[in-house]
Amino acid sequence: MRGKAVIAGIGHTAFGKQPGRDTVALNVEACRRALEDARVPKDAVDAVFVKTPTSQRELMYGQKLAEALGVQPRMGCALDQGGAANITGIMLAVMAIEAGQCEVALCCYADNPRSGSRQVYARPRGDDAAYGWFSTAAGYAMIHQAYAQRYKPPPEAFGAVAVACRANGAANPHAQLRKPITMDDYLAAPWVVEPLRRDDCCLVSDGAAAVVVMSAKRARELGVPAPVPILGFGQGQSSWEITLRPDLTTTEAKRAAATAFAMAGVGPKDVKVAQIYDCFTVTVLMTLEDYGFCPPGGAADFVRDGRIAIGGDLPVNTSGGLLSETGMPGLQLVLEGVRQIRGTAVSQVKGADVALVTNQGGTMHTHATLILGG
Amino acid sequence: MDYPLPQVTPLTEPFWGALRRGRIAFQACACGHRWLPAREACPRCLGTDHRWEDGSGRAQVVSWVVYHTAHHDAFKDRVPYNVAIVELAEGPRLITNVRAPHDTLRVGMPVVLAVEEEAGFALARFAPAAA
């Protein structure tokens with residue numbers, strides 16, 4: 001299936017605050033823009049895969065969106081995997097297209113926790129709230145602590161991720177946060193939940209993004225101007241709540257990566273630019289290790305001296321990632337991967353012929369990988 | 001203010017009941033697997049031939065965090081406070097608080113059960129084990 005399907009178009013709303021707009025309206029805007037980018041009429045769409053909004057659960061969300069889009073899809077669903085669901089929607093679309101179940105799919109995601117409710121991120125974690133165990137960030141802090149205690153990276157290793165992403169976001173006119181930081185800024189910022197500092201944590205954002213997926217053949221027939229081939233994809237699920245996860249310093253992202261690399265016929269050395277899910281900085285370090293860019297515990301060395309910044313060996317999150325472009329998790333990383341392969345990114349990496357995108361969700365429970373190529 | 005107490009169910013009652021007796025309990029299956037939190041079926045063999053056993057109360061620290069802001073009024077006067085994952089000597093893991101200065105916490109640090117009551121409800125906290 002390598003290269004048989006393409007991302008034909010990409011679209012997104014403004015990122016940041018979108019007061020008064022619900023997630024269906026945001027999704028519709030992103031889908032309209034993605035169809036315009038692909039130069040494909042809406043009537044061609046016969047599948048819709050949407051990640052459920054994180055901040056507010058709604059039953060039959062996929063149908064509410066299809067209704068607002070005015071389409072009756074041959075197939076589609078709302079996906080509940082946290083951040084990994086963005087790439088999962090694309091994977092399901094590709095497999096459904098290959099199986100002859102549909103031809104043109106919209107894959108999208110919207111949320112509005114910034115103007116709406118961000119209570120989900122501060123939620124009590126079941127009966128363990130009796131011990132003060134609250135919030136999404138605390139789960140990642142538990143992972144960050146375990147990683148830091150095992151491998152003893154300097155705090156600057158986490159800071160290098162934040163500094164690189166913030167610099168890229170500052171250069172991106174669409175980014176929600178366009179304020180670069182220095183390493184000193186990073187180190188001086190207050191704890192959110194220790195050992196997480198303020199700038200270890202992604203943004204809380206309103207916004208939506210969407211992509212159009214179809215076969216390469218259909219894209220030629222429809223005259224799509226800039227289709228980007230999908231070379232590989234993969235999944236893995238760690239599943240254990242972090243309380244029970246036997247090893248907090250590695251995840252089933254390994255399996256997602258190995259599956260995607262094998263399908264694409266490439267390895268970490270072939271990747272010219274990577275969009276790595278950076279809900280928290282520790283996820284970037286662990287992803288670099290689990291994907292084989294460096295050995296376990298080697299990420300601190302890997303990210304040193306600007307190696308993941310623009311112009312470095314492996315530029316990461318070239319539009320700012322979740323730390324700076326938008327915290328609306330995940331799909332904007334795919335959009336930036338597409339722009340890098342097209343050669344239209346604001347912070348374009350020269351010769352970017354293989355772009356990696358990683359997603360993960362929950363507290364590193366779910367993992368999905370997408371490899372795009374020119 | 002209302003302290004966020006656990007919602008006791010028939011499934012979890014034996015766990016909380018053991019704490020009222022000053023003991024930590026977990027489920028143990030005929031297949032040899034031992035676990036928390038309470039489940040109807042063993043997550044290893046999916047069987048239901050299991051029973052509650054009291055543990056020794058000995059455990060070690062797996063990881064921890066320190067809250068500097070409170071997400072609930074009950075914790076406003078307690079920050080900074082820690083929340084830790086500990087692994088019982090018998091294998092099961094749970095979320096808890098370790099009654100020790102935060103800068104003394106270490107991975108693998110030995111701790112022992114130190115039941116404490118909140119609003120009359122017995123919780124499984126831990127304290128450093130005597131050297």
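Convention: sequence-line order gives letters A, B, ...; per-chain numbering from 1.
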As a quick check of understanding, evaluate side chain to side chain contact (heavy atoms under 4.5 Å, CB included) for A:Gln149 and B:Trp64, giving each step before the final call. CA-CA 10 Å; A:Gln149 295 293 324; B:Trp64 72 95; 3.5 Å; yes

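Of the residues A:Asp127, A:Leu244, A:Thr243, the one that meets the side-chain contact (heavy atoms from CB on, under 4.5 Å) test with B:Pro37 is A:Leu244.
Options A:Ala141, A:Ala146, A:Ala122, A:Gly132 differ in how many heavy-atom pairs under 4.5 Å they form with chain B, and the most are formed by A:Gly132. The residue among B:Ala70, B:Pro80, B:Pro43, B:Pro6 with the most heavy atom pairs within less than 4.5 Å of chain A is B:Pro6.
Pairing each heavy atom of A:Glu194 with each of B:His68, the nearest pair is OE1-NE2, 2.7 Å.
Between atom CZ of residue A:Arg123 and atom NE2 of residue B:His72 there is a gap of 15.5 Å, rounded to the nearest 0.5 Å.
When heavy atoms are compared at a cutoff of 4.5 Å, B:Tyr67 approaches chain A by way of both its backbone and its side chain.
Annotation: side chain of B:Ile85 is in contact with side chain of A:Met142 (closest heavy-atom distance under 4.5 Å). Counting heavy atoms from C-beta on, the side chains of B:Phe75 and A:Phe134 come closer than 4.5 Å. Under the 4.5 Å side-chain criterion, counting only non-hydrogen atoms from C-beta, B:Val65 is in contact with A:Trp133. Counting only heavy atoms from C-beta outward, the side chains of A:Glu241 and B:Ile95 never approach each other to under 4.5 Å.
Within a 6.0 Å sphere centred on CZ of A:Arg178, other residues, nucleotides and ligands contribute more than 12 heavy atoms. Within a 6.0 Å sphere centred on CD of B:Glu87, heavy atoms belonging to other residues, nucleotides or ligands number more than 12. The neighbour count for A:Trp240 CH2, taken as heavy atoms of other residues, nucleotides or ligands under 6.0 Å away, does not exceed 12.
Identified by a heavy-atom distance below 4.5 Å to chain A, the contributing residues of residues 105-127 of chain B are B:Val107, B:Leu123, B:Ala124, B:Arg125, in residue-number order.
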